[in-house]
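These notes concern the structure reproduced below.
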Amino acid sequence: MAKYNNNFQNLKKNYLFIEISKRISEFITKNPDVSLIRMGIGDVTLPLVPAVVEAGKKAFDEMGVKSTFRGYEDSGRGYDFLREAVGGYYKDFGVELLTDEIFISDGAKSDSGNIGDIFASDCDVIVTDPAYPVYVDSSIMGGRKVTFADFNTPIAPKDSIIYLCSPNNPTGEAYSHNELKAWVDVALANNAVIVYDAAYEAFISETDKARSIFQIKGARKCAVEICSLSKTAGFTGTRCGYTIVPNELMLTSSDGSEIPLIQLWSRRQGSKFNGVSYPVQRAAEAVFSKEGQQQIKESIGYYRKNAKIIMDTFIELGISFTGGVNSPYVWFDCPNNMDSWDFFDFMLTKANVVGTPGVGFGENGANKFRLTAFNTYENTVEAMARLKKVLLNKS
Ligand code: MLT
C-alpha cells in the first residue's frame, strides 16, 4: 500500500474555515428558520465592478471566435498585459518591478503554501502569532519546524523562511516603513527569506504604512511578495492574484552554490501550474485601469464604512480591539476573557452572528475573536445591534 506523508498527522483535523462551515451547517440543520449574519470568513458581498465584468465578457467573446481564440498560455506566468498592469500599479507607490518578476496566480492562498516546494525541508519557519493558518499548515505539510514570533519583534534564525502579513490577517495591524525595515534587516543579516503576504494592501488608509515590502531598502534581496485581487476587487469567486519574485533573491544549494529563487519558482510553476484563464486575466487587467481603480475604491470605501460601524460598537462597549483602520478585519478581546470557540458558539446561538474564533489563528488568539467588514451595510448594522443586545443582557 502506498504510504502517506506522515506530516499530515501533525495538522488539526480540519482547516479553520472548513471547521467553521461544518459547525454552521450543523447549526442551520437544527435551526432552519434562523437568519444568520456571516462575518466569519473574509468573503466579499459586493459584486464585481462594471469595468471588470465588461473586460471579462469581452474576453470570453474573443474565446468564441476562431481568430482570437487562445489555448494554453505559453509560460503559465501570466500574460504580459496583466503583468505590465500590475507593474504600473506598483509604480504608484514608488516600486519598480520587471515584468518577468511578476507571476500571475489564482490568489494569495495557493502561492503562500506552494512557495514551500522550493525550500529545503530543514529550513526553520517563523510565523507571527496570530496568523493566517495557511502558513502554519503548509509548513507542517512540508515537515518544517515552525517557531512563533510577535508581530513587532523581528527574529530570523539562520537560513529561515519568515511569513509576514501586513495589513495582518487576523489582527488588522499594518507595518510602518520602519517596522518592516527591522524585519528586512534581520532577514538580510541571517540569509532568511521573507514571504510577505500583502493581500489586504488596498485597505491601508494611513500614509505611514508600507504598501509593499519592496518599498524597503534591501527587500529585493530577501523577500517575495504575494498579493490577491480577492479582497481588493471582489475576486474571491473569480480567482486571480500575483506573486513578485525579485531577480536578486538568491538561495543556497546543498553544495554551497547560489541559485536565484526566481529560477526555482519558474521551474516549479512550469511543472505544476498552467496559469489563470485568459478571460479572468483580462478582467484582472481592468482592475488596474483608471475606471477600475475608481470603481474598486468605492467598494473598499463601502467596506471601510462597515469597519467603522464595528469599531464604533466596540468603543461604545469598552471592548479593546485592533484593526478596522487599515484592514477589513476587527480583532477584539472576547468578553470576560472567554475561550474563543465558546464565544463563537455564544455568538452563533445567541446573536446568530458568525465570526472567527481567534485560536484558529494561533495560541495568542485563544481569547480573541475576528469579525469582517465584508458583509452588507445593513447586515453589519443589524449584527452590531444583536451583539450589543446579547452582551449587555449578559453582563
Ligand atoms: C480569511 O477569512 O482569513 C480569508 O478570507 C481566508 C482566505 O483568504 O483564504
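Being a predicted model, the structure only gives us computed values, none of them experimental. When a ligand or atom number is given, it counts from 1 through the structure's own listing order.
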Is there a donor-acceptor contact under 3.5 Å linking the side chains of Asp208 and Ser176?
no

Could you pull out all residues at least two apart from Phe27 that satisfy ring-ring contact (aromatic ring centres under 6.0 Å, His included)?
none

Salt bridge or not for Lys221 and Glu248, using N-O below 4.0 Å?
no

Run the salt bridge (Lys or Arg N to Asp or Glu O under 4.0 Å) test against Glu84 and tell me which residues pass, sequence neighbours left out.
none

Name the residues with a heavy atom less than 4.0 Å from ligand 1?
Phe17, Ile41, Gly42, Lys109, Tyr132, Asn169, Tyr200, Lys231, Tyr329, Arg370

Any residue meeting salt bridge (Lys or Arg N to Asp or Glu O under 4.0 Å) with Arg268, in chain and number order, not counting sequence neighbours:
Asp117

Side-chain donor-acceptor pair present, Asn7, Asn5, cut-off under 3.5 Å:
yes

